[in-house]
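Reading through the structure tokens given below for one structure.
The first residue in the sequence is number 1, and the count goes up from there. A quick note: this is a predicted structure, and the numbers were derived from the prediction, not measured.
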Amino acid sequence: MMTKEELHKQLKELGLKKRMKILVHVSLSKIGYVDNGPDSLISVMKEIISDDGIIVMPAYNSYGEYKPNLSIVNEIFKNQCDTIRTNHVIASFAVWGNEKEKIGVNIEYTEEGLSFEAGERSPLAKLYDNNGWSLMIGTDYSTCTILHLAENRANWPSKVIFTEEYIFSDGKRIPFHDVAYEEADFNVIGNEFESIYKDDGSIFRFGKVGNAACRLINQRAFVDFAVDWMNKNRI
């Protein structure tokens, strides 16, 4: 059994520290048995980051054929009383910290507001602008959401921008535009990034929390790398 004290020690050894702004992806089962489960992990991250930092987790709604795959950690975090949840009906985020409103910006239900869920008006762009980090606990790059910001910024020959309508419960229809996301090469991008920056602790940190392989990644460096990679390698 892993205690809160052990969680605290290992997350700090990974590089988590006060005032960081982090986007968290976690598979709790990969850690192993944790005393008090997801509540312990969430409270330890808050203790280390402090409320002068920011914690963000995906809190998606489903739309069309998209099926969200949130962990129990995300589910508990997004419902905590000191967490806000952005109001995007396709891709919302849960945000915690003193400056949560700066990252967790709500949209207007207009064509412009609904469009490009992971683009320049999204919490992902706000994190990038504020020197955010991605914390991956037991997950690989296939679910690394910050790479969707890179897809919005990159321009490869076959990139598709599609248009659909979102239908609200009252029957109101609003068209929106988005990128046809392609996660199939996310692990390739992440592994190449690691091979270059594995020894640069200011950009990339690798460690373990319990049995889970963990990564702490500077988003600005990662997104810029991914944009360049997509421009060169996607056809």
Side-chain angles (χ1 to χ4, degrees), residues 16 19-28 38-39 41-43 45-46 48-64 66-110 112-139 141-153 166 168 174 176-179 181 183 186 215-220 222-223 226:
L16 220 59
R19 297 189 181 91
M20 262 188 168
K21 298 173 178 64
I22 59 170
L23 174 63
V24 181
H25 298 281
V26 56
S27 174
L28 191 66
D39 293 303
L41 179 59
I42 293 167
S43 65
M45 288 191 293
K46 288 180 176 181
I48 297 173
I49 297 293
S50 82
D51 54 11
D52 289 327
I54 293 286
I55 298 176
V56 181
M57 294 189 196
Y60 289 103
N61 295 303
S62 61
Y63 179 69
Y66 177 74
K67 303 297 181 186
N69 186 25
L70 298 180
S71 77
I72 186 63
V73 179
N74 298 64
E75 293 290 349
I76 290 175
F77 177 76
K78 76 180 184 182
N79 291 317
Q80 292 184 329
C81 62
D82 53 356
T83 299
I84 63 171
R85 185 176 176 186
T86 60
N87 69 338
H88 201 295
V89 290
I90 301 170
S92 68
F93 290 84
V95 190
W96 174 87
N98 282 341
E99 297 185 312
K100 55 194 173 189
E101 288 84 4
K102 291 184 178 179
I103 303 296
V105 178
N106 283 330
I107 63 163
E108 294 183 359
Y109 291 144
T110 63
E112 182 181 29
L114 284 178
S115 293
F116 303 105
E117 62 183 71
E120 301 307 325
R121 291 183 299 276
S122 72
L124 302 177
K126 303 293 185 188
L127 281 167
Y128 175 97
D129 291 340
N130 285 275
N131 196 36
W133 293 72
S134 284
L135 172 62
M136 300 161 57
I137 302 176
T139 63
Y141 290 100
S142 66
T143 59
C144 190
T145 309
I146 197 66
L147 289 176
H148 291 314
L149 177 62
E151 289 187 288
N152 274 269
R153 294 180 173 181
Y166 188 88
F168 290 82
I174 296 179
F176 68 92
H177 317 284
D178 212 343
V179 177
Y181 297 113
E183 297 91 348
F186 279 12
R215 294 163 176 85
L216 187 63
I217 307 161
N218 181 275
Q219 292 178 344
R220 186 178 293 273
F222 192 29
V223 169

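The closest donor-acceptor contact from the side chain of His88 to the backbone of Leu114 lies under 3.5 Å. Without hydrogens or angle criteria, Lys100 side chain to Asp82 main chain gives a donor-acceptor distance under 3.5 Å. With hydrogens and angles disregarded, a donor-acceptor distance shorter than 3.5 Å links the side chain of Arg85 to the backbone of Ala59. In this structure, the side chain of Arg153 does not engage the main chain of Ala226 through any donor-acceptor pair within 3.5 Å. In terms of modelled atom types and a separation under 3.5 Å, the side chain of Asn98 and the main chain of Asp51 share a donor-acceptor contact. Judged by distance alone, with hydrogens and angles left aside, the side-chain atoms of Thr83 form no donor-acceptor pair with the main-chain N or O of Ala94 at under 3.5 Å.
The ring of Tyr141 has its center no closer than 6.0 angstrom to the ring center of His25.
Remark: Leu127 CG to Ile22 CD1 distance equals 10.0 Å, nearest 0.5 Å. With rounding to the nearest 0.5 angstrom, the CZ atom of Phe222 is 9.0 Å from the CD1 atom of Ile146. Here CG of Leu41 is found 10.5 Å from CZ of Phe77. Values are rounded to the nearest 0.5 Å. Taken to the nearest 0.5 Å, the CD atom of Glu120 stands 7.5 Å off from the CG atom of Asp129. With rounding to the nearest 0.5 Å, the separation of OG in Ser134 from CG in Leu124 is 8.5 Å. For the atom pair OG (Ser27) and CD1 (Ile72), the distance works out to 12.5 Å, reported to the nearest 0.5 Å.
Within the 4.5 Å cutoff, side-chain heavy atoms of Met45 are placed close to those of Leu135. A heavy-atom distance below 4.5 Å is found between the side chains of Leu23 and Pro58. Counting heavy atoms from C-beta on, the side chains of Arg121 and Glu112 come closer than 4.5 Å. Contact of the Leu216 side chain with the Met20 side chain is registered, since non-hydrogen atoms from C-beta on lie closer than 4.5 Å. You'll find the side chain of Phe186 reaches within 4.5 Å of the side chain of His148, heavy atoms only.
Using modelled atom types, one finds a donor on one side chain and an acceptor on the other under 3.5 Å when comparing Asn131 with Asn218. Looking at Glu183 and Ser142, their side chains never bring a donor and an acceptor atom within 3.5 Å of each other.
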The test is side-chain contact (heavy atoms from CB on, under 4.5 Å); show your working for Tyr181 and Leu147 and say whether it passes. CA-CA 10 Å; Tyr181 297 113; Leu147 289 176; over 6 Å; no
What's the verdict on side-chain contact (heavy atoms from CB on, under 4.5 Å) for Lys102 and Ile54, showing C-alpha distance, side-chain angles and the deciding distance? CA-CA 10 Å; Lys102 291 184 178 179; Ile54 293 286; over 6 Å; no
Steps toward side-chain contact (heavy atoms from CB on, under 4.5 Å) verdict (Leu28, Ser71): CA-CA 8 Å; Leu28 191 66; Ser71 77; over 6 Å; no
Check the pair Trp96 / Lys46 against side-chain contact (heavy atoms from CB on, under 4.5 Å), numbers first and verdict last. CA-CA 9 Å; Trp96 174 87; Lys46 288 180 176 181; 3.6 Å; yes
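The heavy-atom pair separating Ile174 from Thr110 by the smallest distance is CG2-C, 3.6 Å. Residues Phe93 and Pro123 come closest through the heavy atom pair CD1-CG, 3.7 Å. Nearest approach of Pro38 to Val73, heavy atoms of both residues: CB-CG2, 3.9 Å. Listed here is the closest heavy atom pair of Gly104 and Val95: CA-CG2, 3.8 Å. In plain terms, the two heavy atoms of Asn106 and Thr86 that are nearest each other are OD1-CA, 3.3 Å. In plain terms, the two heavy atoms of Asn74 and Met57 that are nearest each other are ND2-CB, 3.7 Å.
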